[in-house]
There are 2 protein chains.
Amino acid sequence: MARPPRFDTDQLLDAAVRLAASFGPAGVTMAAVAKEAGAPSGSLYHRFAGRSALLAEVWLRTVERFQDSYARVLAAHDDAREAGRAAARHVVAWSRAHPEETRLLLYGPGDFGREGWSQEHRSRAERGNRRIFGELDSLAATLGARDTEAVERLTLALVDLPLSVVRRHLREGGTLPAHAEAVVEDCATALLDTLPRSGGHVRPGSGGRARNRD
Amino acid sequence: MARPPRFDTDQLLDAAVRLAASFGPAGVTMAAVAKEAGAPSGSLYHRFAGRSALLAEVWLRTVERFQDSYARVLAAHDDAREAGRAAARHVVAWSRAHPEETRLLLYGPGDFGREGWSQEHRSRAERGNRRIFGELDSLAATLGARDTEAVERLTLALVDLPLSVVRRHLREGGTLPAHAEAVVEDCATALLDTLPRSGGHVRPGSGGRARNRD
DNA sequence: CCGGTATTAGAGAGGGCTCTCTAATACGAG
DNA sequence: CTCGTATTAGAGAGCCCTCTCTAATACCGG
């Protein structure tokens, strides 16, 4: 009962991902996406309310894809420590498998114009974040680490540290070396060991392995 | 023997830093910098060959300021391990003291149009990098870690890990919590402990490296 | 006081980007 | 076959940005 679409949403977002990976968020202009996808600008504006909306969609689709896989990995392990190690590895593995989307994610929502997003897009982003941080919170609880600083360290070990390895290698057009997963898992494990063990243990400063040399 | 300048280079770059911190590299337009500094666009083009040159200058001035202080900290310690811990702390301390410049540095040279830089600017960037990586290389050598992967781990501990803590907190307009230095030093120390000790010693951990599992 | 010069000052051409608007088009239901 | 509709198609207004160009300006040595 209507003309069939030649350019669906995903196709256009794919083009946007390629542009973002190559030229950064600033390179994702309506004109550039249209050209990259071979579509007229009218088709773009037919699907997205404007540039903000397109930026929001491309960011959210990408980050949600990553978060889905990340949550799946976390859920696939019973032992908390093992789940953590697998999650850290997974960040690298996913990045290796999706280099363009990763380059996009190395920016932040702010670079994709979060300020100008609709309420709907904002809360979609919020939901995704809460989901992952919820998982990390409960993982921290399982590990007996309940205060803010401990959750922060867990996040550092399972998200930020892997991401910084990925960032260093992918920035300026490089690729991930073969040993990246191993380095990340190893380092994440070391960081997990700085967490206070369960049982209300005092902070790992003076007792643990970290500060013996002071 | 000439009209005295009302707007010197540093003043204009200061304005560019503020804009980059608030709006990202894309917000650093010649028009915006002129307005922010209260200068006419003519003055801008009088000092910078064009937008690329201004972006290069603002990036290089900022990164060199950071690198200077970083190198100074590394040189201030005799013990390699202590130097490493101090360096990691310093990344956080410097970021706390210079939040706007830090927000700028959380982007990369690529975001500041490195492709379009003059040869002079490129080699200035190259020189700065070589300087720091040279220091890190010799630090690694002192610690008895000579292969690429070991240097990579050292970089991770002394640069990337502190930066990722800074990034998480400064992104989206936050500030660094009081305990950030402590967390970073603690985690950096843990990572330093994963380095192979001099003499080919295996690391004192869970009995082997993660890589063995492959 | 005067000429030389570095700088300020800002108008305006040219280009790209966002977004709007109108017309053409292709399909499916009846 | 015809009508209704979702979509394609792209021209063009308006805006901002980069960069150029010309004129005015303020200091300084002599």
Side-chain angles (χ1 to χ4, degrees), chain A residues 1-59 107 111-118 120-121, chain B residues 1-59 107 111-118 120-121:
Chain A
M1 187 198 187
R3 181 176 181 170
R6 285 187 54 203
F7 309 99
D8 67 3
T9 303
D10 275 325
Q11 220 170 97
L12 299 174
L13 291 183
D14 289 344
V17 168
R18 288 194 293 277
L19 290 168
S22 300
F23 308 109
V28 185
T29 67
M30 299 300 264
V33 173
K35 189 178 169 196
E36 172 78 17
S41 69
S43 296
L44 272 175
Y45 285 97
H46 183 70
R47 302 205 188 261
F48 305 101
R51 185 174 181 244
S52 302
L54 181 139
L55 287 176
E57 296 278 358
V58 73
W59 169 264
Y107 291 95
D111 301 310
F112 282 78
R114 185 189 199 166
E115 310 299 300
W117 290 1
S118 69
E120 210 168 333
H121 283 139
Chain B
M1 188 192 187
R3 178 176 182 171
R6 283 186 56 200
F7 309 100
D8 67 3
T9 303
D10 274 326
Q11 221 171 93
L12 298 175
L13 292 182
D14 289 344
V17 168
R18 289 194 294 276
L19 290 168
S22 301
F23 308 109
V28 185
T29 67
M30 299 301 263
V33 173
K35 189 179 169 195
E36 172 77 17
S41 71
S43 296
L44 271 175
Y45 284 97
H46 183 70
R47 301 203 190 262
F48 305 100
R51 185 174 181 243
S52 302
L54 182 139
L55 287 177
E57 296 278 358
V58 72
W59 169 264
Y107 291 95
D111 300 311
F112 282 79
R114 185 189 200 164
E115 310 301 298
W117 289 2
S118 69
E120 211 169 334
H121 283 138

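Lettering of chains follows the sequences in order, A, B, ..., and the numbering in each one begins at 1. Only a predicted model underlies this, so the values are computations on that prediction, with no experimental measurement involved.
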side-chain contact (heavy atoms from CB on, under 4.5 Å) between B:H121 and B:E57, worked out | CA-CA 8 Å; B:H121 283 138; B:E57 296 278 358; 3.1 Å; yes
Spatial distance of atom CG (B:D14) from atom OG1 (B:T9) [nearest 0.5 Å] | 10.5 Å
If you measure from NE2 on B:H46 to CZ on B:F7, what distance do you get to the nearest 0.5 Å?
-> 12.5 Å
Just jot down the side chain to side chain donor-acceptor pair (under 3.5 Å) partners of B:R114, sequence neighbours excluded, or say none.
-> none
Any side-chain N or O of A:R6 under 4.0 Å from OP1/OP2 of D:dA9?
-> yes
d(CZ, B:F7; C1', D:dA26) in whole Å | 14 Å
Taking C-beta and beyond as the side chain, do B:S43 and B:R6 meet within less than 4.5 Å on heavy atoms?
-> no
Mind checking whether B:F48 and B:L55 have side chains closer than 4.5 Å, heavy atoms only?
-> no
With sequence neighbours left out, the residues meeting salt bridge (Lys or Arg N to Asp or Glu O under 4.0 Å) with B:R18 are B:E36
Short N/O separations, protein against nucleotides 27-29 of chain D, under 3.5 angstrom:
{"unit_1": "D:dC28", "atom_1": "O4'", "unit_2": "B:M1", "atom_2": "N", "d": "2.6"}

Check each residue of residues 43-57 of chain A for a non-hydrogen atom within less than 4.0 Å of any atom in DNA chain C, then write out the ones that pass by number, or none.
-> A:Y45, A:G50, A:R51
Heavy-atom contacts under 4.0 Å between residues 25-34 of chain A and DNA chain C, which residues?
-> A:T29, A:M30, A:A31
Passing option when B:V33 is tested against B:V17, B:V58, B:L13, B:L44 for side-chain contact (heavy atoms from CB on, under 4.5 Å) = B:L44
Test side chain to side chain donor-acceptor pair (under 3.5 Å) applied to B:D111 - qualifying residues, sequence neighbours left out | A:Y107, A:R171
Which pair of non-hydrogen atoms, one from B:R47 and one from B:L12, has the smallest distance, and what is that distance?
-> CD-CD1, 3.9 Å
Would you kindly give the NZ-to-C1' distance between B:K35 and D:dT18, to the nearest whole Å?
-> 17 Å
